[in-house]
Amino acid sequence: MRPSERESTVGRRQRGVPPWRRPRTAPFRPKSAGVSVWQTPEMLVEIETAWSLSGYLLVCFSTGYFIHDTVDIVVSRQAGASWEYLVHHVMAMGAFFSGIFWSKFVGGGVLTLLVEVSNIFLTIRMMMKINNAQDLLLYRINKYVNLVMYFLFRLAPQAYLTYFFLRYAGQRTLGTFLLGILLMLDIMILIYFSRLLRSDFCPDRVPSQQHKDKFLTE
């Protein structure tokens, strides 16, 4: 459920911390999510009731990361520049707490963490833009790989989870609460996808200020 790894140039300058120096767990979490699904394949179907120790620990670890990053943003006084992070983290923590405290929907939490596979390639894109390497062949290849990874590990799982949680619409249950969070994340993911398309495939339509100040949010 996490947005793509992104941060404005202005925000980085204000904090004085390069993006690669901030804690990153993208390589760890997709592997762990894959292991959890491999060990407990029923998580793909029994999203509410399926449970495994590896999946539970992964949800706990990811919640800890979101708490750490939220505190870091607030303490560093970057809430204004990184408000999208904060909104995402609050919604993600609200969803993951259901798995931690009630041991429900752990499968859904694990599936949402598959988005980290997409974040690996988005981070490569960000690093190349930081170094003004957009003209390299690797960047052009990566932007097409980004589209495939975004669809397979971000749009497709999100659409599947949304379809699953629609069964809770109109009920007064934990599932209804999670459906509300999921729908808001759907909107965010579609907005980020449109920005990615405009930036890499229709750069003439991106305002010049966004070209200057942003790498992954335009």
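Below, each value reflects all heavy atoms present in this structure, side chains not excepted, and no hydrogens, waters or symmetry copies. The structure presented is a predicted model; accordingly, all values stated were derived computationally and were not measured. By convention here, the first residue in the shown sequence is residue 1.
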*Is Arg154 reaching over with its side chain to a backbone N or O of Met149, donor-acceptor style, under 3.5 angstrom?*
no

*From CA spacing to verdict: side-chain contact (heavy atoms from CB on, under 4.5 Å), Thr40, Val110*: CA-CA 11 Å; Thr40 315; Val110 170; over 6 Å; no

*Atom pair CD (Glu46) and CZ (Phe164), whose distance is rounded to the nearest 0.5 Å*: 7.5 Å

*Less than 4.5 Å apart, any side-chain heavy atom of Ile124 and any of Val145?*
no

*Quick one: CE on Met128 to CG on Leu138, what's the gap to the nearest 0.5 Å?*
4.0 Å

_Heavy-atom donor-acceptor pair, Asp186 side chain to Thr162 backbone, under 3.5 Å_ = no

*asked:* Within this structure, what is the CG-CD1 distance for the pair Leu44 and Ile47, rounded to the nearest 0.5 Å?
replied: 8.0 Å

*Nearest heavy atoms of Val106 and Ala50, plus distance in Å*: CB-O, 4.0 Å

*Nearest non-hydrogen partners of Gln134 and Lys129, listed with the distance*: NE2-CE, 3.8 Å

*Assert yes or no for the condition that the ring centre distance of Tyr65 to Phe96 is strictly below 6.0 Å.*
no

*Closest approach of Ser62 to Leu113 (non-hydrogen atoms, all atoms of both residues)*: OG-CD1, 3.3 Å

*Can you check ring-ring contact (aromatic ring centres under 6.0 Å, His included) on Tyr160 and Tyr163, steps first, answer last?*
CA-CA 5 Å; Tyr160 175 69; Tyr163 173 77; 7.4 Å; no

*Working to the nearest 0.5 Å, report the span between CZ of Phe66 and CE of Met93.*
8.5 Å

*Cation over ring, Arg195 on Tyr192, under 6.0 Å and within 45°?*
no

*asked:* Surrounding CZ of Phe201 (heavy atoms of other residues, nucleotides or ligands, distance under 6.0 Å), is the total greater than 12?
replied: yes

*Report the distance from atom CG of Asn131 to atom CG of Leu136, rounding to the nearest 0.5 Å.*
9.5 Å

*Can you tell me how far the CG atom of Leu182 sits from the CZ atom of Phe105, to the nearest 0.5 Å?*
11.0 Å

*Common cluster, Ile187/Ile189, ILVMFWY with side-chain heavy-atom separation under 4.5 Å*: no

*Is Arg125 salt-bridged to Asp200, going by a charged N under 4.0 Å from an acidic O?*
yes

*Answer whether the closest heavy-atom distance between the side chains of Glu48 and Tyr168 falls below 4.5 Å.*
yes

*Any chance you could lay out the side-chain contact (heavy atoms from CB on, under 4.5 Å) test for Val115 and Phe153, step after step, and finish with the verdict?*
CA-CA 5 Å; Val115 303; Phe153 294 100; 5.7 Å; no

*In terms of hydrophobic clusters joined by side-chain contacts under 4.5 Å, are Met184 and Ile191 together?*
no

*Heavy-atom closest pair, residues Ala95 and Leu178*: CA-CD2, 3.5 Å

*May I ask you to decide if Tyr85's main-chain N or O and His89's side chain share a donor-acceptor pair within less than 3.5 Å?*
yes

*What are the two closest heavy atoms between Gly55 and Met43, and how far apart are they?*
CA-CE, 4.3 Å

_Residue of the set Leu111, Leu179, Leu185 for which side chain to side chain contact (heavy atoms under 4.5 Å, CB included) holds with Leu161_ = Leu111

*asked:* When you compare the side chain of Leu183 with that of Phe165, does any pair of heavy atoms fall below 4.5 Å?
replied: no

*Would you say the side chain of Thr176 lies within less than 4.5 Å of the side chain of Arg172, judging by non-hydrogen atoms?*
no

*Closest heavy-atom contact between Leu86 and Ala79?*
CD1-CB, 3.6 Å

*Can you find a heavy atom in the side chain of Leu197 that is under 4.5 Å from one in the side chain of Phe193?*
yes

*Check: Gln171 side chain, Arg167 main-chain N or O, donor-acceptor pair, under 3.5 Å*: yes

*For the residue pair Trp51 and Tyr56, categorise the inter-ring angle as parallel (less than 30°), tilted (30 to 60°) or perpendicular (more than 60°).*
tilted

